[in-house]
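Every number for a ligand or one of its atoms is a count from 1 in the order of the listing. This chain uses plain numbering: 1 for the first residue, then up along the sequence. All heavy atoms count here, side chains included; hydrogens, waters and symmetry mates do not.
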Amino acid sequence: MSSIHIPAEEVPLVADVDICVIGGSCTGVFAAVRAARLGARVAIVERQGCFGGVATSGLVSIWHSLHDEAQTKQIIGGLTLETVERLKKRDAVHISDHRVDVHHLNTEELKIELDELVTEHGITPFLNTLFSGVHMKGDQIDAVIVQKTDGRAAIRAAQFVDATGDGRVARSTGLPVVEDGAFQPPSMCAKIWGMHTLGDWNWKRAVEQHGQEFGLEPDWGWSTWIPGVPGLEMHADTHVFDVDTAQSDVLTSSEIEGRRKVRAVMDIIRKYGPAPSTIGLADIAATIGVRETSRVRAQYSLTGDDVLYGKRFEDAIANGSYRVDIHHDDGPGITFRYLDGTEVVIPSRGAEKVIGRWREPMEVDPTFYQIPLRSITPRTTENLMLSGRMLDATKDGFSAVRVMVNMNQTGEAAGTAAFLSLDANKPVQNVAASDVRRRLSEGGSIVE
Ligand SMILES: Cc1cc2nc3c(=O)[nH]c(=O)nc-3n(C[C@H](O)[C@H](O)[C@H](O)COP(=O)(O)OP(=O)(O)OC[C@H]3O[C@@H](n4cnc5c(N)ncnc54)[C@H](O)[C@@H]3O)c2cc1C
């Protein structure tokens, strides 16, 4: 393809702060809040018009357990717990208590809670602002270049936290990514009203039976209700297979294909369901929900065994108990593996679960796992911390840790490590994990 030459340009410096967080999901907001609470002047950049990432723009409304797999010990606190408490005051969270306590969120309320967290902490927000590149000085980032709605600009900071999911900042500095094959497929989420009016009619079976007529391949999905909005459900019914959404053109076609599939599901229900006129499409995600793209190579790659055998790390900055959860990348189905050795496979929509074991019970089964600071500390680039789903992990390790209650904690750790790096005037690679862990504990996190 041919190219055009853009002359070098002067861009206005719109902020000069201690720490700049790029990416404003809960991961990013929590990084910013932890750094601000320690005394840093913080800015946060988000390409959407609201904070929250997959949880708000993507409509994904479930936070998993804050307890271990046995449900006997609380293992997650910090800003996740604080945010749950804030949402409770608005009746915007419901906690169900089957095998693991699941938090059903009203993510429209979450949007406003995140605005308030940012405002209360004096964090400078840049919404509708796209990170587009770095200005480097040696092995340090001097400033990030952003596209605001009214033009290009620069934000200078002493420290940066990459919370963009895809590792956009890390990639721009030349940090390597993990090349390990096919990714878990993304889903376009939607809110549908009126599914309860279908009564006992099995819409999942209908979608499976008639999907081909509407251009759907065999697939698997899930849906959930939303606190405070009776009759409205959040649906993640389909996947877009075999894509790398970190590539812009692929992301574009996946957005369109994802929306087409939402309509196909609706059309099947309208055509074959008992009361076709009573369901309605209430909302469709602002952007397709991306489960996985290449992670960034950091100082340690968290493995599936680390997770499933509950390895303890001296530099642990997060705890988790969410099972290994692999949405098959080549077709329908999902595999869950638990720390107690149980395995559950759902081969396709409406199919019976296949329950077995991936290993025999141990004398004492682990009940939770940990994420080490090294998995979010890059090998080079002295003033950048990673956070969220870009963390360094193998495929099966990643498939468990990727959930939000875990990613939120990586944000808190990244914001804390960035502050300590700034405070001691030394590279992030030289920040003592014991100091990060101490500050996290003092701020309400559980890292033991
Ligand atoms: C369909 C689906 C269902 C899921 N189900 C669950 C579930 O039930 N429970 C659960 O806990 N987890 C679930 N997950 C996983 C979980 O949601 C993600 O792994 C997690 O949200 C990742 O967090 P993150 O902060 O790394 O990324 P994101 O939430 O994707 O946040 C990245 C943020 O960076 C911003 N950004 C990206 N590029 C730029 C840029 N260039 N400039 C500025 N901003 C940028 C984005 O707009 C976004 O706000 C699901 C994921 C998907 C996709």
Based purely on interatomic distance, does Glu46 place a nitrogen or oxygen under 3.5 Å from a nitrogen or oxygen of ligand 1?
yes

Could you tell me if Thr293 and Arg389 have a donor-acceptor pair between their side chains, going purely by distance under 3.5 Å?
yes

Identified side-chain hydrogen bond (donor to acceptor under 3.5 Å, both in side chains) counterpart of Asp392 within the set Arg295, Arg297, Gln299
Arg297

Say whether Met390, considering both its backbone and side-chain N or O atoms, lies within less than 3.5 Å of an N or O atom on ligand 1.
no

Does Phe51 have a non-hydrogen atom less than 4.0 Å from ligand 1?
no

Okay, side chain of Glu292, backbone of Gln184: is any donor-acceptor separation there less than 3.5 Å?
yes

With a 4.0 Å cut-off on N to O distance, would you call Glu208 and Arg205 a salt bridge?
no

Does any N/O atom on Ile62 come nearer than 3.5 Å to any N/O atom on ligand 1?
yes

Is there a donor-acceptor contact under 3.5 Å linking the side chains of His67 and Ser321?
no

Starting from atom 24 (P) of ligand 1, locate the nearest protein heavy atom and write down its residue, its atom name and how far away it is, to 0.1 Å.
Thr27 OG1, 3.8 Å

With a heavy-atom distance limit of 4.0 Å, tell me whether Thr129 approaches ligand 1 through its side chain, its backbone, both, or neither.
backbone

Going by the atom numbers of ligand 1, which of them fall below 4.0 Å from some non-hydrogen atom of Gly289?
53 (C)

What I want to find out is whether Arg402 reaches Asp325 closely enough, with some N-O distance under 4.0 Å, to be called a salt bridge.
yes

Take atom CD in Glu120; do more than 12 heavy atoms of anything else shown fall under 6.0 Å from it?
yes

Using a 4.0 Å heavy-atom threshold (strictly under), name the region of Val60 that reaches ligand 1: side chain, backbone, both or neither.
side chain

Does any part of the side chain of Asp244, heavy atoms only, come nearer than 4.5 Å to the side chain of Phe183, both counted from C-beta?
yes

Is the Trp220-Phe241 ring centre distance short of 6.0 angstrom?
no

Evaluation steps, side chain to side chain donor-acceptor pair (under 3.5 Å), between Glu113 and Thr83
CA-CA 8 Å; Glu113 256 358 283; Thr83 305; over 6 Å; no

Would you say Thr380 and Leu175 make side-chain contact, with heavy atoms under 4.5 Å?
yes

Considering only protein heavy atoms, which is closest to atom 17 (O) of ligand 1, and at what distance to one decimal place?
Val54 CG1, 3.3 Å

Do the charged groups of Glu116 and Arg90 touch, with an N to O distance under 4.0 Å?
no

What I want to know is whether Arg389 and ligand 1 share at least one N or O pair that is separated by under 3.5 angstrom.
yes

State the atoms of ligand 1, each with its element, that fall below the 4.0 Å cut-off from a heavy-atom position in Leu130.
40 (C), 41 (N), 42 (N)

Short N or O distance, Val290 and ligand 1, threshold 3.5 Å exclusive
no

Are Glu69 and Arg323 within salt-bridge range, i.e. N to O under 4.0 Å?
no

Which is closest to atom 25 (O) of ligand 1 by heavy-atom distance: Gly221, Gly133, Ser132, Ser25?
Ser25

How close does the nearest protein non-hydrogen atom get to atom 41 (N) of ligand 1, and which residue and atom is it?
Phe131 O, 3.3 Å

Enumerate the atoms of ligand 1 whose separation from the nearest heavy atom of Ser187 is less than 4.0 angstrom.
1 (C)

Could you tell me the residue and atom name of the protein heavy atom closest to atom 44 (N) of ligand 1, and the distance to it rounded to 0.1 Å?
Arg47 N, 3.2 Å

Shortest protein contact, atom 19 (O) of ligand 1 (heavy atom only):
Arg402 O, 2.6 Å

With a 3.5 Å cut-off and no angle check, do the side chains of Ser65 and Gln71 form a donor-acceptor pair?
yes

Is there a polar contact between ligand 1 and Gln48, counting only N or O atoms under 3.5 Å apart?
no

Between Thr303 and Asp306, do the side chains contain an N or O donor and an N or O acceptor separated by less than 3.5 Å?
yes

If you measure from each non-hydrogen atom of Phe398 to ligand 1, which part falls under 4.0 Å: side chain, backbone, both or neither?
neither

Is the closest N or O pair between His64 and ligand 1 shorter than 3.5 Å?
yes

Which atoms of ligand 1 are found less than 4.0 Å from any heavy atom of Trp222?
3 (C), 5 (N), 8 (O)

Tell me the nearest of Asp166, Asp325, Thr164, Ile44 to atom 37 (C) of ligand 1, using heavy-atom distances.
Thr164

Distance to 0.1 Å, residue and atom name: give those for the protein heavy atom nearest to atom 21 (O) of ligand 1.
Met404 CG, 3.4 Å

Taking only heavy atoms of Gly388 into account, list the atoms of ligand 1 that are under 4.0 Å away from them.
26 (O)

Judging by distance only, is a nitrogen or oxygen of Arg168 under 3.5 angstrom from one on ligand 1?
no

Option whose closest heavy atom lies nearest to atom 34 (O) of ligand 1, chosen from Gly53, Ala285, Gly165, Ala163
Ala163

Does Ala55, backbone or side chain, put an N or O under 3.5 Å from an N or O of ligand 1?
no

Atom 1 (C) of ligand 1 - nearest protein heavy atom and its distance
Arg291 NH2, 3.3 Å

State whether a side-chain donor-acceptor pair under 3.5 Å links Thr287 with Arg47.
no

